[in-house]
Number of protein chains: 2
Amino acid sequence: MQSYTEENYLKIIYHLSVISNPVQTNAIAEKIQTKAASVTDMLKKLSDKELVDYIKYQGVTLTEKGKLTAINIVRKHRLWEVFLVEKLNFKWDEVHEVAEELEHIKSTLLVERLDEFLEFPKVDPHGDPIPDQHGNFANLSFIKLSKLKTNEKGTITGVSEHSSPFLKHLEKLGLTLGKRVEISEIIDFDGSVELLIDDKKLNISREVAKHILISK
Amino acid sequence: MQSYTEENYLKIIYHLSVISNPVQTNAIAEKIQTKAASVTDMLKKLSDKELVDYIKYQGVTLTEKGKLTAINIVRKHRLWEVFLVEKLNFKWDEVHEVAEELEHIKSTLLVERLDEFLEFPKVDPHGDPIPDQHGNFANLSFIKLSKLKTNEKGTITGVSEHSSPFLKHLEKLGLTLGKRVEISEIIDFDGSVELLIDDKKLNISREVAKHILISK
DNA sequence: TAAAATTTTTAGATTTATCTAAATTTAAAA
DNA sequence: TTTTAAATTTAGATAAATCTAAAAATTTTA
Ligand SMILES: [Mn+2]
Ligand SMILES: [Mn+2]
Ligand SMILES: [Mn+2]
Ligand SMILES: [Mn+2]
């Protein structure tokens with residue numbers, strides 16, 4: 001059994017290892033809002049528990065056991081986010097903080113029943129895939145909106161930035177999941193993107209376009 | 001803001017103060033499965049935070065602030081129990097442990113939305129009243145089944161014992177909330193109670209009868 | 001490749017919630 | 001009203017998670 005704190009470390013290491021493997025001490029420290037020295041202490045502990053492979057000064061990798069634990073936390077986090085949006089009418093920018101707490105509730109019966117109650121959702125309110133009870137993800141392929149060329153079309157199916165200000169901004173612009181968009185022009189001057197959505201023209205900054213994920 | 005541990009102390013003190021006021025150190029220690037010395041430490045801390053009035057060697061009483069905090073935890077506990085039974089098909093003996101964890105989730109938006117989603121339930125799956133957001137309870141009056149006399153009738157509306165073995169036992173006997181019962185005989189020998197339920201005769205021990213709550 | 005900068009680890013302290021054992025206070029019994 | 005028993009508190013330790021400051025290792029730059 002892992003503590004609340006250990007679970008958070010495993011989850012962060014899991015997310016960071018998508019970007020770089022092995023994961024570095026400072027990267028974890030930044031994400032978890034703590035000091036590098038504290039991270040080192042915890043890595044030793046997780047290593048003793050065989051949840052990570054840790055080499056001094058080199059970084060850390062999840063073991064199979066650690067990875068499964070991490071994925072289970074991600075599963076719970078995303079299922080709770082679906083619950084909050086679908087059943088309790090939370091907005092997509094309001095769910096993350098609460099899910100950060102709910103993801104640590106231990107009961108496996110609860111998770112499986114929740115999954116069933118939500119009718120086995122495949123993605124969370126931000127388009128992120130929800131692993132099944134064995135840790136398997138559906139195969140989803142996204143392209144950044146910023147990678148699309150003029151006249152290309154696609155459907156918004158995810159976001160790669162989860163901050164409340166960003167999500168509220170998208171909401172206001174009507175750029176929500178499931179919406180069909182077409183690139184009408186890419187402005188040379190600043191790289192900003194003009195797109196057609198619901199037959200209306202809309203200009204978004206390149207920065208925003210980078211964080212919108214599209215499937216065709 | 002209170003810690004998980006502080007919240008548990010407040011909740012236990014709240015429940016114990018129904019039985020005896022002020023609440024004694026040893027009573028808390030037993031309920032919280034800890035040592036008296038640890039309780040003393042925590043009572044000092046809660047007193048510093050003005051959540052309890054504490055007099056050395058005399059015992060402890062909740063302040064208004066402490067009482068409201070405690071009631072809010074009870075509110076969350078019971079709402080989550082309703083959720084687990086009504087929405088996730090948990091049995092009434094399976095909910096308590098999970099609710100012990102869920103009751104500490106902080107978001108007030110979550111609690112209010114959950115209450116709404118459940119259509120503002122007045123009682124939990126064990127018949128215990130659910131306080132509203134201001135801490136007010138509906139006025140419910142129960143009598144112990146063991147206090148009823150021969151030929152008296154009533155409806156099962158609560159239980160005063162929440163252990164899983166007891167609740168499973170009642171379930172098996174068909175003695176669930178809402179069931180109408182009539183006392184057909186009280187056995188002199190052992191005080192056990194013979195009752196009519198669904199037109200069938202059933203004999204239950206005095207011990208069981210004491211923990212079944214009836215309204216007329 | 002030697003010096004500088006960055007990253008990471010160690011050493012030692014702190015905070016929170018525990019504990020055991022001993023001392024103190026209060027309540028009960030003789 | 002002493003004496004005894006029970007309840008409670010204090011003193012001092014421990015474990016988990018954190019911190020600061022300093023030392024060590026690694027990487028980058030010159
Ligand atoms: Mn999230
Ligand atoms: Mn999400
Ligand atoms: Mn309960
Ligand atoms: Mn209950």
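Within every chain, numbering begins at 1; the chains are lettered A, B, ... in the order of the sequence lines, protein sequences first and strands thereafter.
- Results of the side-chain hydrogen bond (donor to acceptor under 3.5 Å, both in side chains) test with A:D115 over A:Q133, A:R75, A:K76 single out A:R75 as the only residue that passes.
- Taking atom CG of A:N8 as the reference point, atom C1' of D:dA16 lies 15 Å away to the nearest angstrom.
- Closest-nucleotide positions on DNA chain D for A:Q58 and B:L43 were compared, and the one nearer the 5' end corresponds to B:L43.
- Taking atom OH on B:Y57 and atom C1' on D:dT9, their separation rounds to 4 Å, with Å as the unit.
- Using a 4.0 Å cut-off, no side-chain N or O of A:K44 falls inside it from OP1 or OP2 of C:dT9.
- The cationic atom of A:K87 (NZ for Lys, CZ for Arg) lies less than 6.0 Å from the six-membered ring centre of A:F117 and within 45° of the ring axis.
- Of the options A:L177, A:L145, A:L170, a side-chain contact (heavy atoms from CB on, under 4.5 Å) to A:I156 is made by A:L177 and by none of the others.
- Heavy-atom distances under 4.0 Å link DNA chain C to A:A36, A:A37, A:T40 of residues 27-42 of chain A, given in residue order.
- Side-chain N/O atoms of A:N26 include one lying less than 4.0 angstrom from OP1 or OP2 on C:dT8.
- The side chain of B:Q24 places an N or O atom within less than 4.0 Å of a non-bridging phosphate oxygen (OP1 or OP2) of D:dT8.
- Within the 4.0 angstrom heavy-atom criterion, no nucleotide atom of any strand lies near A:Y4.
- A salt bridge links B:K216 with B:E152: the distance from a Lys NZ or Arg NE/NH1/NH2 to an Asp or Glu carboxylate oxygen falls below 4.0 Å.
- Aromatic pair B:H96/B:H77: centroids less than 6.0 angstrom apart.
- If you look at B:F83 and A:F83, their ring centroids are closer than 6.0 Å.
- Using a 4.0 Å heavy-atom cutoff across all strands shown, B:Y54 reaches sugar-phosphate atoms only and no base atom.
- In this model, the phosphate group of D:dA24 is not approached by any side-chain N or O of A:K56 to a distance below 4.0 Å at OP1 or OP2.
- A straight line from CD of A:E6 to P of D:dA15 spans 16 Å, rounded to a whole angstrom.
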